[in-house]
Amino acid sequence: MPYLTSTPASTAHTSLRTGFGVPGYAHPLVAPMEWAELTRPGTPLHWVVLDVAGGPGAHPDPHCLQAAGRLRNAGVRVLGHLDTVYGARARAELLADAQRYREWYQVDGFLLDRCPTGRAELPAVRRTVAALRALGGTTHIVLGHGTHPHPGYAENADQLVTFSGPWSDYRWSQADEWTADYPPDRFCHFVHGVPRGHLDEALRIARWQGAATIYFTDRTDHGGRVDPWESMPGYWDDIVSRIGTGVSE
C-alpha cells in the first residue's frame, strides 16, 4: 500500500505517543458535551482550538471563557483560531485577533488556518509567525496547510497540518520525502469520514507517515456544506481507548 512505502520504516517505530489535536468544536452552547468530554482525565490531548466566531469575536464570550479555562486548568493547551485566507488577510488584522485571544482567553498559541503552501508566500508567513511569538509568553504555532507545503515552512512553526480532508483521499495518501527529516511531533493529520471499521488502518497510516497529532472523525463535510469537526465522532470513546493503549504496527 502507498502509505507503507512513502516513509522510512524507522519513522513508524517511534516511541512518541500519538494524541489529539482538536480542530475546534462548535460553540460551547451548541456542543456542551463535547467541550466537557475534553477535560476527562487521561484523554490524550495535544491541544484544542478555540474558534469563538470565525476568530475571537467582538467581545469576550463567557461560555468560551469557561470552556477555555477548564481546559487550561486540566493542563490542556488551548490555541486561538486565525484564518489567513491563504495569505490574503492583512497581518495587522491577524495580530489584532491574536491579541484579543491572548487578553480574553489566555490562549497558549494559534492555529493559522488556510495557511499558504508555496515558497513565494513563505517570507510573509515567517514575519507573521515572528510577530505572533513577539506577543509574549509561550506561543505554540500550528500552520494549517491541509497538505504538504514547501519544506521551508517546517522551520517557522512548531507543527504543520500536512493533511486535512476525507478518508477516501487519506487512505491512499503519501508523505512527502522531506518530512522524514523531522520527528512525528512536527506533523498533524485531520481526517473526516473515517468509518469505525477502519480506525486501526487510519492510525497505522498516521504512524507510518510520521504524524503524532491526529484527529479522526466519522462526521463528513457533506460535499463541503458543513464543518465535519464541529461535533465529536460517534466512536470517541473507542479511539481514545485505542490511542491510550497503542495500536500494533
Side-chain angles (χ1 to χ4, degrees), residues 19-85 89 93-114 132 135 137-142 144 146 159 161 164 188-194 213-222 224-241 243-244:
F20 298 113
V22 180
Y25 289 136
H27 191 279
L29 277 178
V30 178
M33 293 181 62
E34 281 85 345
W35 287 96
E37 183 66 24
L38 293 177
T39 60
R40 184 200 292 184
T43 304
L45 286 170
H46 290 171
W47 41 260
V48 176
V49 173
L50 177 67
D51 185 358
V52 180
H59 52 76
D61 184 305
H63 303 285
C64 291
L65 278 168
Q66 185 179 58
R70 287 176 175 171
L71 285 168
R72 297 186 76 250
N73 289 339
V76 178
R77 181 183 282 141
V78 178
L79 306 182
H81 177 272
L82 299 175
D83 188 355
T84 74
V85 195
R89 194 161 179 225
E93 292 183 10
L94 290 171
L95 295 179
D97 276 358
Q99 189 63 46
R100 284 192 282 269
Y101 267 120
R102 282 285 205 192
E103 293 178 357
W104 296 345
Y105 303 106
Q106 305 298 307
V107 297
D108 306 291
F110 304 97
L111 168 69
L112 276 64
D113 199 13
R114 297 200 290 176
L132 291 172
L135 293 176
T138 302
T139 305
H140 189 84
I141 300 293
V142 181
Q159 293 184 294
V161 180
S164 182
C188 316
H189 289 173
F190 301 156
V191 190
H192 60 77
V194 182
T213 299
I214 58 101
Y215 191 80
F216 298 157
T217 181
D218 52 354
R219 312 307 185 193
T220 66
D221 66 354
H222 294 281
R225 296 189 301 274
V226 300
D227 182 356
W229 321 119
E230 65 181 4
S231 62
M232 190 166 278
Y235 43 61
W236 176 253
D237 288 341
D238 191 3
I239 192 170
V240 167
S241 176
I243 290 179

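Hydrogens, waters and symmetry mates play no part in the numbers below; they use all other heavy atoms, side chains included.
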Margin query: Using side chain to side chain contact (heavy atoms under 4.5 Å, CB included), reason through His27 and His63 one step at a time and then give a plain yes or no.
Written below: CA-CA 8 Å; His27 191 279; His63 303 285; 3.7 Å; yes
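- Listed here is the closest heavy atom pair of Val78 and Ala68: CG2-O, 4.0 Å.
- Under the 3.5 Å distance criterion, with hydrogens and angles disregarded, no donor-acceptor pair is assigned to the side chains of Thr138 and Arg77.
- The structure places CG of Leu112 at 9.0 Å from NE2 of His81, a figure rounded to the nearest 0.5 Å.
- No side-chain heavy atom of Tyr25 sits less than 4.5 Å from a side-chain heavy atom of Val48.
- Counting only distance, with no hydrogens or angles, the side chain of Tyr101 and the backbone of Gly55 share a donor-acceptor pair below 3.5 Å.
- Looking at Thr84, its side chain does come within 3.5 Å of a backbone N or O of Asp113 through a donor-acceptor pair.
- For the pair Gln159 and His140, the minimum side-chain heavy-atom distance is below 4.5 Å.
- Ring geometry for Trp47 versus Phe190: interplanar angle over 60°, hence perpendicular rather than tilted (30 to 60°).
- For the pair Ser164 and Trp229, the tightest heavy-atom approach, listed with the atom from each and the gap, is OG-CZ2, 3.8 Å.
- Residue Glu103 is tested with Gln106, Gln99, Arg100 for a side chain to side chain donor-acceptor pair (under 3.5 Å); the sole match is Gln99.
- Between atom CZ of residue Phe110 and atom CZ of residue Arg102 there is a gap of 5.0 Å, rounded to the nearest 0.5 Å.
- Scanning for salt bridge (charged side-chain N to carboxylate O under 4.0 Å, His left out) contacts around Arg219 gives an empty result, with sequence neighbours left out.
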Notebook entry, point to check: Between Val142 and Val161, does a side chain to side chain contact (heavy atoms under 4.5 Å, CB included) hold up when you go through it step by step?
Noted result: CA-CA 7 Å; Val142 181; Val161 180; 3.8 Å; yes
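- In plain terms, the two heavy atoms of Thr213 and Gly21 that are nearest each other are CG2-N, 3.4 Å.
- Interatomic distance, CG of Leu79 versus OG1 of Thr139, reported as 10.0 Å (0.5 Å rounding).
- Closest of all the heavy-atom pairs between Tyr215 and Ser231 is OH-O, 3.9 Å.
- Shown here is Arg70, whose CZ atom has no more than 12 heavy atoms of other residues, nucleotides or ligands within 6.0 Å.
- The minimum heavy-atom distance linking Thr43 with Val240 is given by the pair CG2-CG2, 4.4 Å.
- Judged purely by atom type and a 3.5 angstrom limit, Trp35 uses its side chain to pair as donor or acceptor with the backbone of Ala26.
- When all heavy atoms of Thr217 and Pro228 are compared, the pair lying nearest together is CG2-O, 3.8 Å.
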Checklist line | Full working for side chain to side chain contact (heavy atoms under 4.5 Å, CB included) between Trp236 and Leu38 | finding: CA-CA 10 Å; Trp236 176 253; Leu38 293 177; 4.1 Å; yes
Notebook entry, point to check: For Asp237 and Arg40, what are the C-alpha separation, side-chain angles and deciding distance, and is it a salt bridge (charged side-chain N to carboxylate O under 4.0 Å, His left out)?
Noted result: CA-CA 11 Å; Asp237 288 341; Arg40 184 200 292 184; 3.1 Å; yes
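- Expressed to the nearest 0.5 Å, how far CG of Asp108 lies from CD1 of Ile141 amounts to 11.0 Å.
- Atoms CG and CG, on Leu71 and Leu50 in that order, are 8.5 Å from each other to the nearest 0.5 Å.
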Next item on the list: Check the pair Ile239, Phe20 against side chain to side chain contact (heavy atoms under 4.5 Å, CB included), reporting the backbone distance first and the verdict last.
Entry: CA-CA 10 Å; Ile239 192 170; Phe20 298 113; 3.8 Å; yes
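- In this structure Asp83 satisfies the salt bridge (charged side-chain N to carboxylate O under 4.0 Å, His left out) test together with Arg114, sequence neighbours excluded.
- To the nearest 0.5 angstrom, Thr39 atom OG1 is 15.0 Å from Arg72 atom CZ.
- Cys64 places a side-chain heavy atom less than 4.5 Å from the side chain of Tyr105.
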